[in-house]
Amino acid sequence: MPAEATAAEAAMSADATPAEAMPAEATPAEAATPADAIPAEAAPAEAAMSAEPTPAEALPRKNEIKSVAEGMCVDSMEQPIGSDVQLYDCHGEGGNQAWSLNSFFDGLIENKFLSMCLRVVEASDGSPVRTATCDENDSQQKWYQANGSFMLNINDQSDKKCLDMDAASKKLLIKLCDREKESQHWAF
């Protein structure tokens, strides 16, 4: 072999297996398709596959609660406990937009990063949703998710209330559940 031979060329021999023929730093994909073997016209398609999705195609990121109607996310707005909760452009950074439902039925919608939960002021139609110290015994923090909606789970409630939002202010509130109302549908 000439002195210019690389380690990869040296490793390749007639009796070498494909794994032995790969340089240590190469991945199986790199070994299977040398860079000079990719046609030039494949490069744009490869770049398109790695591009970010358009906003219309974007799904909620992990732990975001995204309004189907507005395409915006539930956000505590970095306000103290007791403040109104509203929608804001989804940023994917977690923090004030990182929410989780801690139980499928009878659960808290919790932001563990900020140690706060979503709570309705009262169980009446139009009541605002605010941040609160998480309390599993507080019935006004009990939610369950069904059919793309978050419903308040209060046993003595004759009419079910769902998480909704005011279109003008983007603030969260509860309203009588209505499956036809897009503002009550959430991607989570």
Side-chain angles (χ1 to χ4, degrees), residues 49-188:
M49 289 189 330
S50 65
E52 288 295 313
T54 61
E57 297 169 334
L59 296 173
R61 294 170 183 95
K62 186 175 181 180
N63 295 333
E64 287 180 340
I65 300 174
K66 187 174 185 178
S67 167
V68 171
E70 296 292 323
M72 301 171 85
C73 289
V74 172
D75 197 310
S76 69
M77 305 302 292
E78 298 183 14
Q79 297 299 310
I81 286 179
S83 300
D84 290 340
V85 181
Q86 65 187 64
L87 296 178
Y88 191 76
D89 291 331
C90 301
H91 52 62
E93 296 176 11
N96 48 321
Q97 291 185 355
W99 302 94
S100 63
L101 185 64
N102 72 356
S103 171
F104 180 73
F105 188 78
D106 217 23
L108 304 175
I109 299 177
E110 181 178 12
N111 184 312
K112 291 185 180 194
F113 180 75
L114 300 173
S115 300
M116 60 176 59
C117 288
L118 298 186
R119 180 185 193 278
V120 296
V121 173
E122 54 186 56
S124 62
D125 199 48
S127 181
V129 176
R130 295 191 174 141
T131 55
T133 301
C134 299
D135 180 356
E136 291 184 8
N137 297 314
D138 183 353
S139 64
Q140 290 175 209
Q141 292 185 32
K142 300 285 186 165
W143 303 88
Y144 69 96
Q145 188 178 19
N147 302 317
S149 295
F150 286 99
M151 293 181 217
L152 192 59
N153 192 18
I154 297 179
N155 293 335
D156 62 348
Q157 182 182 344
S158 58
D159 296 313
K160 291 290 184 191
K161 304 291 190 304
C162 286
L163 185 63
D164 204 331
M165 59 93 190
D166 178 75
S169 69
K170 306 291 187 239
K171 290 186 178 182
L172 299 185
L173 46 90
I174 58 167
K175 290 281 196 172
L176 288 172
C177 294
D178 180 352
R179 294 178 108 183
E180 302 299 316
K181 197 170 179 190
E182 192 176 39
S183 63
Q184 293 184 4
H185 291 260
W186 305 90
F188 181 65

*Considering all heavy atoms of both residues, which atom of W99 and which atom of D75 are nearest to each other, and what is their separation?*
NE1-N, 4.3 Å

*Judged by atom type as modelled, is there a donor-acceptor pair below 3.5 Å linking the side chain of E64 to the main-chain atoms of C73?*
no

_Restricting to non-hydrogen atoms, name the atom on C134 and the atom on Q141 that form the minimum distance, rounded to 0.1 Å._
CA-OE1, 3.5 Å

*Should D84 and V129 be marked as a side chain to side chain contact (heavy atoms under 4.5 Å, CB included) after you check the CA-CA gap, both sets of side-chain angles, and the distance that decides it?*
CA-CA 6 Å; D84 290 340; V129 176; over 6 Å; no

_Main-chain N/O of D178 paired with Q184 side-chain donor or acceptor, under 3.5 Å_ = yes

*asked:* Is the shortest side-chain heavy-atom distance between K142 and L152 below 4.5 Å?
replied: no

*Decide yes or no for L87 and V74: does some side-chain heavy atom of the first lie under 4.5 Å from some side-chain heavy atom of the second?*
yes

_Pairing of D125 and K161 as salt bridge, 4.0 angstrom limit_ = no

*Return yes if some donor-acceptor pair links the side-chain N/O of H185 with the main-chain N/O of R179 below 3.5 Å, else return no.*
yes

*Taking the side chain from N147 and the backbone from S149, do they hold a donor-acceptor pair closer than 3.5 Å?*
no

*Taking S183 for its side chain and D164 for its backbone only, find out whether a donor-acceptor pair lies under 3.5 Å.*
no

*asked:* Determine whether Q140 and R119 satisfy the following criterion, side chain to side chain contact (heavy atoms under 4.5 Å, CB included), listing intermediate values before the conclusion.
replied: CA-CA 6 Å; Q140 290 175 209; R119 180 185 193 278; 3.7 Å; yes

*Would a 4.5 Å heavy-atom cut-off, applied to side chains only, mark K160 and L176 as touching?*
no

*Donor-acceptor pair, E110 side chain versus C117 backbone, under 3.5 Å?*
no

*Determine yes or no for a side-chain-to-main-chain donor-acceptor pair under 3.5 angstrom, with S124 supplying the side chain and S127 the backbone.*
no

*Side chains of Q86 and S169: does their closest heavy-atom pair fall under 4.5 Å?*
no

_Note, S76 side chain near M116 side chain (heavy atom, < 4.5 Å)_ = yes

*Rounded to the nearest 0.5 Å, how far apart are CE of M165 and CD1 of I174?*
15.5 Å

_What I want to check is whether the side chains of N63 and S100 have a donor and an acceptor closer together than 3.5 Å._
no

*Got N96 and H91 here, is their nearest side-chain heavy-atom distance under 4.5 Å?*
yes

*Closest heavy-atom contact between E70 and S67?*
N-OG, 3.0 Å

*Output yes when a side-chain donor or acceptor of Q79 lies under 3.5 Å from a complementary backbone atom of T131, and no otherwise.*
no

*Salt bridge flag under 4.0 Å for residues K171 and D166*: no

*Determine whether L108 and W143 make a side-chain contact, defined as any pair of heavy atoms from C-beta on separated by less than 4.5 Å.*
no

*Using a 4.5 Å cut-off on heavy atoms from C-beta on, say whether the side chain of C90 contacts that of K66.*
yes

*Before giving the answer on side chain to side chain contact (heavy atoms under 4.5 Å, CB included), spell out for F150 and L172 the whole-Å C-alpha distance, their side-chain angles and the decisive distance to 0.1 Å.*
CA-CA 12 Å; F150 286 99; L172 299 185; over 6 Å; no

